[in-house]
Amino acid sequence: MSDLPIVRPTHPPLDAFSFRFNHALKTGQVTNGGEYVEQFEAALRHELGVPTLAFSSGQAALMTMLAAAGIVEGDEVICPAFTFVATPAAIAWAGGLPVFADIDPRTLSLDPRDVRRRISPRTKAILAVDPYGICCEYNALTTLAHEHGIKLLIDSAAAFGSTYQSQQTGGFGDAQIFSFHATKAFSTMEGGALCSRYPLIIERAAQIRNFGQDDEGGCAIPGINGKMMEVCALVGLEQLEGWSETRTRRKSNAALLHHELTRAAVPGVSIPRAPAGVDPIWLYRPIVISAPIFGKTRDEVAAGMQDRGVMVRKYYSPPCHWMRAFQPSHALPATEITSLGVLALPVYNDMTMAEATRIADTLKEVQCA
Ligand SMILES: *Cc1c(COP(=O)(O)O)cnc(C)c1O
């Protein structure tokens, strides 16, 4: 029996776009906003219903979003510590200071009540995260941001294809970004996007993506090179063709895994659910191990799963506020306890029933071992 990898990317065959890729190679227009990037952006706008720019990576989109929202040296930006390090790293690169807020252990995302406590006169924005593609509390955070005159930015790197109150992600907050990295549910190999309903953010982001240059060759905001390549846009256009079916299949695969985990009913394993009104794409299926009840630590469970050929990850552990790159932080009790017990199980676009059953059965086996 072969191992179950932590991710199993699905990509279109080269044949599907080789003619157009060859055209790009022949004309020499392989990047810098060529026709395929333009087509891909138009398709994304159509899919999401909000102005969208394509990027070379999710991280480039994230750094751009912060700068486009006006984050400058010394600004405080509130974010979770229960996230991929990319989130606070982007704040630091924009010159901002990440101020970590705790999560609600039930939703695994920012607890709006703790965010409120962290707001200071230097706070410029909240950078919320949709962990594993689970939309965070958009409504409560939007209200909070409005009340305090600060921006709500959302790192939805993992949440392309998730819905919040039946609405696709993309148009929430002041701006939202996605990652199209090969490990994500929707992949252009490397890639990302930034969405915003605010023309000023889109305009600034378009400049920042291109070194900060404006149409006259001047530069008002120092930028980066965040441009998507034509070949990535071609892959993205192909992915979009089958996306609505892929998305439905992935969500039902995650539901299958959830069902199998529930059926296995392993003591000491809690299976966080998506909050009401949130239909995540499930980049992974997180579970939380309670060592005293399970009878093994999370690290032992992870090792036991891998030994049996089921690749898992300790996302997100350690929490970012314990990383040396960032300033020492106040304690975050819910984040710390969740980080200590969390285990991310694989979900694939093309997961089979047998694979979902194997994951749940392996967890049970590890407990009995
Ligand atoms: C994947 C991810 C990123 C980075 O995206 P890349 O496309 O790999 O640059 C940022 N934030 C979060 C939460 C992610 O999951």
Side-chain angles (χ1 to χ4, degrees), residues 6-7 9 11 40 44 52-67 77-94 96 98 100-101 103 107-110 125-136 138 141 153-162 169-170 172-173 175-195 205 208-209 224-229 231-233 235-236 239 250 280-286 313-321 323 325-326 335 338-339 342 344 346-347:
I6 185 65
V7 290
H11 288 113
F40 183 48
L44 286 172
T52 303
L53 300 174
F55 280 78
S56 53
S57 72
Q59 188 67 347
L62 192 52
M63 291 161 70
T64 299
M65 174 168 73
L66 288 155
V77 178
I78 299 172
C79 72
F82 188 72
T83 180
F84 183 41
V85 65
T87 312
I91 298 172
W93 272 84
F100 295 109
I103 55 165
T107 63
L108 306 178
S109 63
L110 275 181
I126 301 165
L127 177 55
V129 177
D130 300 332
Y132 319 100
I134 308 169
C135 300
C136 60
Y138 294 168
L141 292 170
L153 308 173
I154 314 174
D155 177 350
S156 298
F160 185 77
S162 299
T169 48
F172 294 93
Q176 240 178 324
I177 67 98
F178 298 113
S179 163
F180 301 146
H181 186 256
T183 51
K184 304 299 204 263
F186 180 96
S187 161
T188 61
M189 306 187 290
E190 288 274 8
L194 180 153
C195 306
I208 294 164
R209 178 177 62 173
I224 58 174
N225 177 358
K227 291 172 271 126
M228 176 176 264
M229 291 198 289
V231 65
C232 297
V235 172
Q239 298 282 41
R250 187 182 181 98
I281 194 74
W282 295 112
L283 182 57
Y284 303 101
R285 191 64 183 77
R313 288 287 185 276
K314 300 170 200 172
Y315 296 146
Y316 300 101
S317 172
C320 296
H321 68 305
M323 293 177 179
F326 310 108
T335 296
T338 306
S339 272
V342 77
V347 176

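What you see is a predicted model, and the numbers here were worked out from it, not measured in a lab. All residue numbers refer to positions in the sequence shown, counting from 1. We count ligands from 1, going down the list as the structure has it; atoms in each ligand are counted the same way.
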Could you check whether the rings of F82 and Y316 sit parallel, tilted or perpendicular, using 30° and 60° as the cut-offs? perpendicular

Check each of M228, H181, H11 against T188 using the side chain to side chain contact (heavy atoms under 4.5 Å, CB included) test, and report the only one that passes. M228

Among all residues two or more places apart in sequence or in another chain, which pass the side chain to side chain donor-acceptor pair (under 3.5 Å) test with S56? none

Who are the residue neighbours of ligand 1 when the rule is a heavy atom under 4.0 Å from any of its atoms? S57, G58, Q59, T83, F84, A86, D155, A157, S179, H181, K184, G191

Partners meeting ring pair (Phe, Tyr, Trp, His ring centres under 6.0 Å) with F40 (sequence neighbours left out): F180

Check the orientation of F326 and F100. Use parallel for under 30°, tilted for 30 to 60°, and perpendicular for over 60°. perpendicular

For T52, check side-chain contact (heavy atoms from CB on, under 4.5 Å) against everything at least two apart and list the hits. L44, R45, L48, V50, A193, C195

